[in-house]
Amino acid sequence: MKHYLSLKDIDSLPEWVAEARKLKTNPKAHKQLGDGKTICLLFFNNSLRTRLSTQKAAMNLGMDVMVMNFGNEGWQLEYEDGAIMDQGKSEHIKEAAKVVSQFCDIVAIRAFASLTDKEKDEAEVVLNGFIRHASIPVVNMESSVGHPLQALADAITLEEHKTKTKLKVVLSWAPHPKALPHAVANSFIEMMQLQDAEFVITHPKGYELSPEITKGTKIEYDQKKACENADFIYVKNWSSYTDYGKVLNENKLWMMTAEKLDKAKFMHCLPVRRNVVVEDAVLDSGQSLVIEQANNRTYAAQVVLKKLLEHN
Ligand code: CP
């Protein structure tokens, strides 16, 4: 594995989950592996969990860590070949990626979708700019289209909390006042497509995700019906994909409640808006796995970094 960019870079999800769970029992077991190696975390967008868990994972492996809030503190980057840079952008990705490659052994990038230009978002301009011009492995810490570290942590959490072999898992849209990207939902769907489970997506009409992601996955527009007899309900808002980046619906009836959750476990990637996306009674109950999902971000990142250190 040269890079970790999407779920497609996982050769065996069950093996990676098992390895992450083993790392969780002894996080410092491989602390010699990263000795003398440096990871650089570049954030073009805000973060709490991704920043701290990836840093923690790297430290567990004995790596040095450099973190830069590139969006606020870096030079504005130009990504187009042949651009005449006489406007606001001060540095080209060609130089920036090569310079970063001199200082570290792995670079991890967070660069969200703009939600204004579907074509540019799907081209993953920032992530692909680094892949093209950096000479070191690149890790996706949430790009326009995917959040594969989150999905790997979610797979670990599902495995830890499942009580039977054939699960019913639901991905439910929920309301949110702001337009949010599709990345978490996309990667969760791709991860669930690798599982032997009954998997249902529920959302209001107009919130269909890319058919290239959902493929044949069942979509049920009646949320209550979708949630019946679920073992796990993963809740996430996303903006419209067809009417790109628009908030079409703020219907409060789509908020996750204890009644709709029934006996299922509740999952969300965080951050979450209480009593908008999900009511307090769910988040404050023993059925909520959100803190454990966040904890598992460390071991998801650690298994990824371990494999990159071993193979590069
Ligand atoms: N779930 C997640 O990626 O959290 P942050 O945005 O805080 O990193």
Side-chain angles (χ1 to χ4, degrees), residues 4-7 9-10 17 20 24 39-60 65-73 106-115 121 124 126-127 138-158 160-161 171-174 176-192 232-239 256 265-274 276-278 282-283 288-305:
Y4 184 67
L5 307 173
S6 79
L7 273 283
D9 292 313
I10 298 178
V17 167
K24 195 172 177 178
I39 186 167
C40 187
L41 313 182
L42 302 183
F43 286 88
F44 291 81
N45 304 96
N46 297 347
S47 170
L48 169 64
R49 280 142 291 273
T50 304
R51 177 169 174 157
L52 296 185
S53 63
T54 311
Q55 194 162 349
K56 179 83 179 168
M59 293 189 304
N60 284 344
V65 185
M66 297 194 290
V67 184
M68 183 171 179
N69 293 321
F70 211 103
N72 302 334
E73 297 160 6
I106 298 175
V107 61
I109 314 281
R110 166 164 281 200
F112 290 172
S114 68
L115 296 178
D121 285 347
E124 296 277 31
V126 181
L127 193 66
V138 177
V139 175
N140 180 354
M141 296 196 296
E142 189 173 343
S143 66
S144 300
V145 175
H147 196 353
L149 286 173
Q150 181 67 52
L152 182 53
D154 297 336
I156 298 165
T157 311
L158 280 174
E160 286 177 333
H161 290 273
L171 170 64
S172 177
W173 182 92
H176 196 284
K178 291 172 76 173
L180 298 189
H182 312 98
V184 170
N186 286 345
S187 289
F188 186 74
I189 292 166
E190 288 180 323
M191 184 276 287
M192 283 309 306
F232 294 86
I233 302 181
Y234 198 104
V235 174
K236 183 72 186 84
N237 170 271
W238 59 87
S239 55
M256 187 49 58
K265 301 279 189 200
F266 173 79
M267 297 179 76
H268 189 285
C269 62
L270 302 180
V272 71
R273 290 184 184 234
R274 282 177 172 255
V276 175
V277 171
V278 52
V282 171
L283 277 172
S288 173
L289 301 181
V290 297
I291 304 302
E292 199 48 44
Q293 282 175 266
N295 186 34
N296 283 333
R297 290 294 307 274
T298 296
Y299 308 103
Q302 199 167 327
V303 76
V304 168
L305 297 183

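Below, all heavy atoms of this structure are taken into account, side chains as well, without hydrogens, waters or symmetry copies. When a ligand or atom number is given, it counts from 1 through the structure's own listing order. In this text the structure is predicted, and so the values were computed from the model without any measurement.
Minimum heavy-atom separation, Gly146 to Glu124: N-OE2, 4.2 Å.
The main-chain N or O of Ser143 is found under 3.5 Å from a side-chain atom of Asn140 such that the two form a donor-acceptor pair. For the pair Asp121 (side chain) and Ala113 (backbone), a donor-acceptor distance under 3.5 Å is absent. In terms of modelled atom types and a separation under 3.5 Å, the side chain of Ser239 and the main chain of Leu180 share a donor-acceptor contact.
By the 4.0 Å heavy-atom criterion, Arg110 is counted among the residues contacting ligand 1. For the pair Met141 and ligand 1, no heavy-atom separation below 4.0 Å is found.
Close approach to Arg297 involves these atoms of ligand 1, each under 4.0 Å from a residue heavy atom: 1 (N), 2 (C), 3 (O). Ligand 1 places these atoms under 4.0 Å from at least one heavy atom of Cys269: 1 (N).
Ligand 1 has no nitrogen or oxygen under 3.5 angstrom from a nitrogen or oxygen of Glu142.
When hydrogens are left out, the protein atom nearest atom 7 (O) of ligand 1 is Leu48 N, 2.7 Å; that is the closest non-hydrogen contact.
Rounding to the nearest 0.5 Å places CZ of Phe188 at 6.0 Å from CG of Leu171.
The stretch residues 140-151 participates, sequence neighbours left out, in these salt bridge (Lys or Arg N to Asp or Glu O under 4.0 Å) pairs: Arg110-Glu142.
Atom 3 (O) of ligand 1 has its nearest heavy-atom neighbour, among Gln150, Arg49, His147, in His147. For the residues Asp154, Leu270, Leu52, the heavy atom positioned nearest atom 1 (N) of ligand 1 is part of Leu270.
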